[in-house]
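One structure below.
The first residue in the sequence is number 1, and the count goes up from there. Quantities reported herein were computed from a predicted structural model and do not represent experimental measurements. Numbering of ligands and ligand atoms starts at 1, following listing order.
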Amino acid sequence: MRVLVGGGTGFIGTALTQLLKARGHEVTLISRKPGPDRITWDELTTSGLPRCDAAVNLAGENILNPLRRWNAAFQKEVLSSRLETTQTLAGAIAKAPQPPQAWVLVTGVAYYQPSLTAEYDEDSPGGDFDFFSNLVTKWEAAARLPGDSTRQVVVRSGVVLGRGGGAIGHMLLPFRLGLGGPIGSGHQFFPWIHIRDLAGILAHALETSHVQGILNGVAPTSSTTNAEFARALGAALGRPAFIPLPSAVVQAVFGQERAVMLLEGQKVVPRRTLAAGYQYSFPELGAALKEVIA
Ligand SMILES: NC(=O)c1ccc[n+]([C@@H]2O[C@H](COP(=O)([O-])OP(=O)(O)OC[C@H]3O[C@@H](n4cnc5c(N)ncnc54)[C@H](OP(=O)(O)O)[C@@H]3O)[C@@H](O)[C@H]2O)c1
């Protein structure tokens, strides 16, 4: 297949591109910057969809950048970088004389309300209680195409664990120094997925003609709490991981509204992902972490 990947230059896009190429597909990225094997968002707007069999969107300003203050300007960038790219790509697909077979968007499990007791699958309600859940609702709506000439899939991802990026990129140094530990109370759920599995679910969704609708992009053993995650990361590194990161510090760095992403969590199960026939490479946290830190 020829696959067009919006935001494919990033953390998840690099892993997805590698996997798709290894499976014999051709990949063209959509980026803000021109380059080889790329088109820009402006070119997509002016020239329309290039010939492709499938499209994915991964573009979005990094929400958990600790160097950016959580103010109105940053919130607007977080929103518009996702909604505008998704609208542009969906619009180009809708207008294409030969529409692609599949269109896949990655959003997040922030759709589901944080809880210490609830368990969410893809049919659970959500999407209407805070900034991030509203963002996911608008983002998924921006992707929706009229008609059924293109198969539509949304993967709601948990925290992606992989080498050289993502949340774990910020955690490794303190944990390696033995200064790591749970965030806040540590009781909150920590829905995670290994990057190879997220790329695998995306490739499975692109290649499998019966897959459509929402898929949760989390590991099947995702009842991990933040404290369990901290212990497992400490164990994988052979370091103690007892020093908690106080809620007040997280709130001071990230702002109260954004800090919820770290201080609270959801128990999410990938019921439809498993039913769609996806087989995980890293279902267990210990093995996933060993691969990431190797
Ligand atoms: N990583 C995770 O744990 C995780 C979890 C759940 C959901 N997600 C979602 O999955 C998607 C991909 O995540 P990722 O970790 O791969 O992201 P990433 O590496 O931070 O960024 C992906 C790409 O988005 C583009 N981008 C960044 N800021 C932009 C802006 N202001 N306007 C337009 N494009 C912009 C960049 O491409 P160019 O510079 O080439 O334009 C970048 O390479 C994101 O939408 C993210 O919200 C990620």
Side-chain angles (χ1 to χ4, degrees), residues 4-19 27-45 55-68 73-89 104-112 131-140 142-143 153-172 190-199 201-202 205 214-219 222 229 258 260-262 265-266 268 270 273 282 288 292:
L4 193 60
V5 185
T9 54
F11 177 51
I12 298 169
T14 303
L16 178 63
T17 301
Q18 217 173 30
L19 179 65
V27 178
T28 301
L29 308 181
I30 316 170
S31 168
R32 290 166 296 176
K33 292 155 274 182
D37 299 323
R38 288 186 194 185
I39 61 167
T40 63
W41 291 101
D42 290 339
E43 281 164 353
L44 179 67
T45 308
V56 180
N57 194 22
L58 298 168
E61 181 71 43
N62 178 7
I63 297 174
L64 285 176
N65 180 350
L67 303 175
R68 297 291 306 268
F74 185 51
Q75 287 166 23
K76 194 162 165 249
E77 269 177 70
V78 163
L79 266 172
S80 63
S81 58
R82 289 172 172 74
L83 302 188
E84 285 170 19
T85 55
T86 302
Q87 255 154 15
T88 302
L89 195 40
V104 181
L105 176 70
V106 173
T107 66
V109 296
Y111 181 83
Y112 308 110
F131 177 88
F132 295 106
S133 64
N134 283 310
L135 164 58
V136 175
T137 297
K138 290 182 203 150
W139 198 0
E140 294 180 357
V153 182
V154 169
V155 179
R156 291 186 184 141
S157 177
V159 180
V160 181
L161 307 181
R163 275 184 226 181
I168 211 164
H170 296 294
M171 293 181 199
L172 272 180
F190 186 84
W192 62 273
I193 184 164
H194 190 281
I195 195 160
R196 225 182 276 167
D197 277 322
L198 184 61
I201 291 170
L202 295 173
I214 310 288
L215 301 178
N216 284 336
V218 294
S222 57
F229 174 79
R258 185 166 52 150
V260 167
M261 293 202 101
L262 299 166
Q266 310 79 350
V268 181
T273 309
F282 294 97
V292 172

Nearest to [atom], what protein heavy atom do you find, and at what distance?
atom                    : result
atom 20 (O) of ligand 1 : Asn62 CB, 4.0 Å
atom 12 (C) of ligand 1 : Leu58 O, 3.0 Å
atom 32 (N) of ligand 1 : Ser81 CB, 3.4 Å
atom 16 (O) of ligand 1 : Ile12 N, 2.8 Å

Region of [X] engaging ligand 1 - heavy atom pairs below 4.0 Å:
X      : result
Val109 : neither
Lys33  : side chain
Trp139 : side chain

With heavy atoms of [X] as the reference, note each atom of ligand 1 found under 4.0 Å away.
X      : value
Gly7   : 22 (C), 23 (C)
Ser31  : 38 (P), 40 (O), 41 (O)
Val106 : 10 (O)
Phe11  : 1 (N), 15 (O), 16 (O), 19 (O)

Treating [X] as the side-chain partner and [Y] as the backbone partner, does any N or O pair qualify as donor plus acceptor under 3.5 Å?
X      : Y      : value
Arg156 : Ile214 : no
Arg82  : Glu61  : yes
Glu43  : Thr40  : yes
Arg258 : Ile63  : yes

Which atom pair, heavy atoms only, marks the closest approach of [X] to [Y]?
X      : Y      : value
Phe132 : Ala110 : CB-CB, 3.8 Å
Asn57  : Gly7   : OD1-N, 4.3 Å
Ala167 : Val159 : CB-CG1, 3.7 Å
Leu262 : Leu64  : CD2-CD1, 4.1 Å

Below the 3.5 angstrom mark, is there an N/O of [X], backbone or side chain, next to an N/O of ligand 1?
X      : answer
Gly13  : no
Thr85  : no
Val159 : no
Thr9   : yes
Glu61  : yes
Val160 : yes

Decide yes or no for Val78 and Phe131: does some side-chain heavy atom of the first lie under 4.5 Å from some side-chain heavy atom of the second?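 Counting from C-beta outward, Val78 and Phe131 do come under 4.5 Å.
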Can you find a heavy atom in the side chain of Tyr112 that is under 4.5 Å from one in the side chain of Asn216?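 Yes, close enough: below the 4.5 Å cut-off.
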Nearest candidate to atom 24 (O) of ligand 1, where distance is taken over non-hydrogen atoms, out of Gly60, Gly158, Gly10: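 Among Gly60, Gly158, Gly10, the closest heavy atom to atom 24 (O) of ligand 1 comes from Gly60.
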Out of Arg38, Arg32, Met261, Arg82, indicate the one that has the non-hydrogen atom closest to atom 35 (C) of ligand 1.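 Nearest option to atom 35 (C) of ligand 1, by heavy atoms: Arg32.
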Please check if atom CG in Asp37 has more than 12 non-hydrogen atoms from other residues, nucleotides or ligands closer than 6.0 Å.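 At most 12 heavy atoms, drawn from other residues, nucleotides or ligands, come within 6.0 Å of this atom.
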Decide whether the shortest distance between a heavy atom of Thr107 and an atom of ligand 1 is less than 4.0 Å.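 Thr107 counts as a contact of ligand 1 under the 4.0 Å cut-off.
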My understanding is that only one of Val104, Thr14, Val56, Ile12 makes a side-chain contact (heavy atoms from CB on, under 4.5 Å) with Val5; could you say which?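 Among Val104, Thr14, Val56, Ile12, the one meeting side-chain contact (heavy atoms from CB on, under 4.5 Å) with Val5 is Val56.
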Can you tell me how far OG1 of Thr28 sits from CG of Leu44, rounded to the nearest 0.5 angstrom?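 If we round to the nearest 0.5 Å, Leu44:CG and Thr28:OG1 are 11.5 Å apart.
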Taking atom 40 (O) of ligand 1 as the reference point, report whether a protein heavy atom occurs under 4.0 Å from it.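 Protein heavy atom within 4.0 Å of atom 40 (O) of ligand 1: present.
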